[in-house]
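Numbers here are sequence positions counted from 1. Excluded from the calculations below are hydrogen atoms, water molecules and symmetry mates; all remaining heavy atoms, backbone and side chain alike, are included.
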Amino acid sequence: GTVTHHGLVTNLGTYKTGSGTNNFNGGVRNLGTFTSNDTLTIGGTGGILEGNLDDANVNVNLDAIYDFNPSGSQDDVLYVAHHADFDHLTAFTLSAWVYWRGDGGKNVILCKNATSDTTADRAFELSVNSSTNDVYLNVGDDSSTASVQSASELTQNVWNHIAVTFSDSGNVAKLYINGVLDATNSSFSVTPNQNATGDKSVSIGAHYNNDSSVGDHFDGYITDVRIY
């Protein structure tokens with residue numbers, strides 16, 4: 001059959017692949033026993049391939065890596081125009097590979113923009129705060145914000161895989177760094193803003209406020225951004 005892992009897989013025990021399709025979209029860290037003579041497909045950039053993967057045949061998709069420089073052009077942002085698929089996100093997963101150089105202030109990885117430069121207006125915002133070196137997921141409902149903050153500091157000048165999951169029905173958000181659960185907020189009290197976002201874009205590497213003003217640039221490389 002088909003086995004698909006969307007996030008980075010960190011194996012601490014025993015993992016044996018099957019003869020069907022084995023998709024590891026966030027890479028593999030084998031810190032235990034990995035038994036395979038099958039084909040493994042890395043659907044993202046690969047990022048981390050660590051440890052002995054036995055006799056596996058590994059196919060890696062090399063996506064583009066984007067360099068974001070906060071001292072460069074104001075256009076150092078990628079964005080996708082609003083689409084109905086971004087509405088009513090009451091449960092979602094966000095993930096990306098990042099290489100953070102540690103510039104000051106807030107460093108936005110991924111966010112749903114709004115008409116104003118207000119965190120509470122943004123349905124979701126994934127960022128790094130250089131004052132604490134922590135990763136944050138902020139979810140706004142147009143009037144207030146709830147967040148989950150990493151317990152670990154993000155290591156600078158190396159590649160890290162970051163993933164967050166959110167469930168409105170369960171009032172829970174979880175944050176993973178390199179495939180390991182790092183923080184959980186089980187008392188999320190907000191529902192992602194569906195009204196005042198003004199049908200604005202989703203951006204990578206910075207805010208794109210009202211689809212006209214760029215701010216809070218990321219300092220480093222970002223690749224393999226995913227929204228589920």
Side-chain angles (χ1 to χ4, degrees), residues 64-83 86 89 92-164 166 173 175-177 182-183 185 188 190 192-194 196-227:
I65 295 173
Y66 296 95
D67 185 2
F68 296 89
N69 184 350
S71 62
S73 168
Q74 186 182 8
D75 294 329
D76 249 2
V77 63
L78 299 176
Y79 66 93
V80 178
H82 173 76
H83 189 277
F86 297 129
L89 291 176
F92 59 77
T93 297
L94 313 175
S95 68
W97 283 99
V98 302
Y99 183 106
W100 182 49
R101 290 188 288 250
D103 181 68
K106 180 187 288 186
N107 285 233
V108 172
I109 299 169
L110 175 67
C111 80
K112 179 68 171 73
N113 294 293
T115 54
S116 68
D117 185 12
T118 305
T119 302
D121 249 4
R122 300 182 182 110
F124 60 79
E125 173 193 88
L126 181 62
S127 63
V128 187
N129 190 325
S130 66
S131 64
T132 59
N133 294 345
D134 292 339
V135 181
Y136 288 81
L137 169 68
N138 293 313
V139 175
D141 67 359
D142 188 28
S143 62
S144 60
T145 305
S147 63
V148 58
Q149 173 185 352
S150 65
S152 305
E153 294 186 5
L154 189 68
T155 305
Q156 300 177 20
N157 299 312
V158 298
W159 282 102
N160 291 282
H161 186 265
I162 297 173
V164 291
F166 169 77
L175 191 152
Y176 300 80
I177 298 178
D182 188 81
N185 183 341
F188 243 66
V190 304
N193 183 16
Q194 311 297 334
T197 55
D199 289 344
K200 299 303 176 181
S201 64
V202 169
S203 62
I204 300 170
H207 292 138
Y208 194 34
N209 301 311
N210 203 29
D211 290 355
S212 61
S213 175
V214 181
D216 293 328
H217 293 79
F218 187 83
D219 182 16
Y221 305 103
I222 301 177
T223 191
D224 198 25
V225 175
R226 294 168 181 256
I227 302 175

| query | If you take all heavy atoms of S95 and A163, which pair is closest and at what distance? | reply | CB-CB, 3.9 Å
| message | Distance check, rounded to the nearest 0.5 Å: I109 atom CD1 versus D216 atom CG? | response | 12.5 Å
| request: May I ask you to check if R101 and F218 form a cation-pi contact, with NZ or CZ under 6.0 angstrom from the six-membered ring centre and within 45° of the axis? | output: no
| Parallel under 30°, tilted from 30 to 60°, perpendicular over 60°: which one fits the rings of W159 and W97? | perpendicular
| task | Find the distance between OG (S213) and OH (Y208) and round it off to the nearest 0.5 Å. | result | 9.0 Å
| Which atom of S144 lies closest to which atom of V190, heavy atoms considered | OG-CG1, 3.5 Å
| message | Centre-to-centre under 6.0 Å for F124 and F166, is that the case here? | response | no
| said: Tell me if the CZ atom of F188 is crowded by more than 12 foreign heavy atoms within 6.0 Å. | reply: yes
| query | Hey, does the side chain of D76 reach the backbone of G205 with a donor-acceptor pair shorter than 3.5 angstrom? | reply | no
| query | Side chains of Y66 and V225: does their closest heavy-atom pair fall under 4.5 Å? | reply | no
| message | Can you tell me which residue among D211, T115, D121, N210 is in a side-chain hydrogen bond (donor to acceptor under 3.5 Å, both in side chains) with K200? | response | N210
| field | Value rounded to 0.5 Å, distance of CG in D134 from OG in S150 | value | 4.0 Å
| Closest heavy-atom contact between T132 and E153? | O-CG, 3.6 Å
| said: Looking at every non-hydrogen atom in both residues, tell me the closest pair between V148 and L175 and how far apart they are. | reply: O-CD1, 4.1 Å
| task | Kindly compute the distance separating NZ (K106) from OG1 (T119), expressed to the nearest 0.5 Å. | result | 3.5 Å
| request: Compute whether any side-chain donor of one residue and acceptor of the other, for S203 and N113, lie under 3.5 angstrom apart. | output: yes
| query | Short question: side chain of N107, backbone of D219 - any donor-acceptor pair under 3.5 Å? | reply | yes
| task | Please answer whether the main-chain N or O of G105 pairs with a side-chain N or O of S130 as donor and acceptor at a distance below 3.5 Å. | result | yes
| query | Does D117 pair with R122 as a salt bridge, N-O distance under 4.0 Å? | reply | yes
| remark: V214 and A206 have their tightest heavy-atom pair at CG1-CB, 3.6 Å
| Pairwise side-chain contact, L154 with I162, heavy-atom cut-off 4.5 Å (strictly under) | yes
| Side-chain donor-acceptor pair present, N129, S127, cut-off under 3.5 Å | no
| message | Quick one, N157 and Y99 - any side-chain contact, counting heavy atoms below 4.5 Å? | response | yes
| remark: Separation between CG (L126) and NZ (K112), nearest 0.5 Å, reads 16.0 Å
| A173 to L137 - nearest heavy-atom pair and separation | CB-CD2, 4.3 Å
| request: Report yes if some heavy atom in the side chain of F68 is under 4.5 Å from a heavy atom in the side chain of L78; otherwise report no. | output: yes
| query | Within the distance-only criterion (no hydrogens, no angle test), does the side chain of D182 pair as donor or acceptor with the backbone N or O of S152 below 3.5 angstrom? | reply | yes
